[in-house]
Amino acid sequence: MIHFSEFTLSNGLKVIHHRDESTPLVVMNILYKVGARNEDPGKTGFAHLFEHLMFGGSVNIPEYDTPLQQASGENNAFTNNDITNYYLTLPAQNIETGFWLESDRMLSLAFSSESLEIQRSVVIEEFKQRYLNQPYGDVWLKLRPLAYKVHPYRWPTIGKEIKHIENATLNDVKAFFKNHYCPNNAIMCVAGNITLERVKELSEKWFGPIPAQPIEIIELPAEPPQQKERRETVSAKVPADAIYMAFHCPGRRDPRYYAADLLTDILSRGRSSRLLNSLVKEQKLFSEIGAYITGDADPGLIVIEGKVNQGVSPEKAEMGVRAELTKLMTELVSVGELNKVKTKAESTIVFGEMGILNKGMALCYATFLGNTNLVNEELAFYQNVSSTDIKKAAVDFLSESNCSTLHYLTERA
């Protein structure tokens, strides 16, 4: 059980407090409700670009990292399709440094052509290294637009293509900041050895004066149900043929999400999982294979991906996967097998709540989803999933008509 308190400043900033006297540290986690899905389809990659720009200095603080390090602090950030998340850890007695730093860059970044060019170069280099110049790196550049046709999940966080970042202007960047980086579009959690009274005092002092901004709310298009299987085959200089299968499934706010999540665990979590036992160990169709759920806020994907063994055709390997999925659709999972994955899910949740940084992130994300107490309720949702729920999830989500399949083949002479 994570105990927490919540309050909202007059400018709309939501603040969560969690007290933990067992640590000498305090974590400050700030979640901005902006991810790749909030981008203009013709100007993608901006949310990720901003993750970098936010460390480039603000109006009153030329360098973000130096004063934080002088106060014995650490920090980092990440972006995904739904959110951008910044976090720092400081000794409790130095936490006001964190409030000072975070509030100043929320108030106004020091926009300059030089800063934009530096971070643009960093992001472009990351795009090339991680997505274009390594084996299978461009999978999500191909799989997302295959699976999604109207929802902005159809491009990855890095963006659709490099030219969107290359062409980003200073005015584009300023407009993106103004529309998304404001107190009424943020959630802050302060967790650790600090009182609620002190958090309220510092929040009002440092964030209270920052004005709320009008946010342009764009209703995102719902992805229509997929009625027909989609397929694509590509080839490149990769070491082995690979198969990627993406099935539409519920988002994090849907009660059916928990059955879908456990379904992927039954398929591939642990040494006794079905895909590993049947397709790797017994039939030797794959050298490795896994299944996971993307866990997006809006309807996401169940993904099965595997490297095909040499001498095995991708078609035969895929047939092996389909056979395992058919079993889940036609036979009830045993209570023992289901309890095994429930226990693993429980351990992940419990161990994940041990550190204050993870608690801070979890509290902010649960608030983003609409219910802060979800951090305490999720375990029961997993425990309540039945074998019948698993079978229904398999029938509902793992059909061929709901699948987008990418065969990624080695280039052959």
Side-chain angles (χ1 to χ4, degrees), residues 1-2 4 6 14 16 31 33 35 37 80-83 147-148 150-153 187 219-227 246-269 273-274 291-304 325 328-350 352-353 358-359 361-399 401-403:
M1 172 70 75
I2 300 178
F4 61 89
E6 300 174 275
K14 293 183 178 179
I16 309 157
L31 181 157
K33 293 183 276 187
R37 69 178 186 161
N80 61 33
N81 283 70
D82 296 317
I83 64 169
Y148 291 100
V150 301
H151 192 282
Y153 285 165
I187 301 163
E219 201 67 36
L220 300 184
E223 185 68 24
Q226 185 172 328
Q227 306 290 353
F247 305 82
H248 294 280
C249 70
R252 288 296 302 268
R253 298 181 180 94
D254 192 314
R256 300 173 300 165
Y257 171 82
Y258 301 97
D261 191 13
L262 290 178
L263 179 63
T264 64
D265 288 352
I266 289 167
L267 284 170
S268 79
R269 187 172 185 179
S273 60
R274 295 191 175 198
Y292 55 90
I293 192 167
T294 54
D296 302 299
D298 288 344
L301 299 172
I302 289 172
V303 181
I304 298 173
L325 301 187
L328 283 170
M329 290 186 243
T330 55
E331 304 168 8
L332 285 176
V333 173
S334 72
V335 173
E337 186 177 14
L338 180 55
N339 283 341
K340 187 183 293 185
V341 295
K342 284 183 179 180
T343 300
K344 289 177 180 176
E346 179 179 1
S347 66
T348 299
I349 293 171
V350 171
E353 291 176 354
N358 286 345
K359 290 179 185 177
M361 288 184 182
L363 286 163
C364 279
Y365 189 66
T367 304
F368 167 72
L369 292 176
N371 174 21
T372 310
N373 202 45
L374 191 62
V375 294
N376 297 316
E377 297 171 356
E378 273 204 320
L379 185 54
F381 293 152
Y382 281 108
Q383 294 291 6
N384 290 335
V385 172
S386 68
S387 296
T388 303
D389 294 329
I390 295 292
K391 182 179 178 182
K392 187 175 190 312
V395 171
D396 288 347
F397 312 132
L398 299 182
S399 66
S401 62
N402 189 42
C403 183

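The residues of the chain are indexed from 1 along the displayed sequence.
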*asked:* For L332, is there any backbone N or O sitting under 3.5 Å from a side-chain donor or acceptor partner on K391?
replied: no
*Quick one: list whatever passes side-chain hydrogen bond (donor to acceptor under 3.5 Å, both in side chains) with T372, sequence neighbours left out.*
E6, T367
*Give a yes or no on whether K33 atom NZ has more than 12 heavy-atom contacts from other residues, nucleotides or ligands under 6.0 Å away.*
yes
*Keeping the roles fixed (side chain from N81, backbone from G35), state whether a donor-acceptor pair exists under 3.5 Å.*
no
_ring-ring contact (aromatic ring centres under 6.0 Å, His included) against Y382, all qualifying residues, sequence neighbours excluded_ = Y258
*Mind checking side-chain hydrogen bond (donor to acceptor under 3.5 Å, both in side chains) for D298 and listing every partner two or more places apart, or none if nothing turns up?*
R37, H151
*Counting N and O atoms only, with roles assigned by atom type, does the side chain of D82 sit under 3.5 Å from a partner on the main chain of A297, one being a donor and the other an acceptor?*
yes
*Would you say R253's side chain and L369's backbone share a donor-acceptor pair under 3.5 angstrom?*
yes
*Keeping the roles fixed (side chain from N402, backbone from F247), state whether a donor-acceptor pair exists under 3.5 Å.*
no
_Residues that N384 engages under side-chain hydrogen bond (donor to acceptor under 3.5 Å, both in side chains), provided they are two or more places apart_ = none
*Do other residues, nucleotides or ligands put more than 12 heavy atoms under 6.0 Å from K340 NZ?*
no
*For the residue pair N80 and D296, establish whether any side-chain heavy-atom pair is separated by less than 4.5 Å.*
no
*Only counting residues at least two apart or in another chain, list the ones meeting side-chain hydrogen bond (donor to acceptor under 3.5 Å, both in side chains) with Q227.*
none
*Does the side chain of L263 reach to within under 4.5 Å of the side chain of L398, using non-hydrogen atoms?*
yes
*asked:* Please check: side-chain N/O of Q383 versus main-chain N/O of K342, any donor-acceptor pairing under 3.5 Å?
replied: no
*In chain order, what residues pass the salt bridge (Lys or Arg N to Asp or Glu O under 4.0 Å) check against E337, with sequence neighbours excluded?*
R274
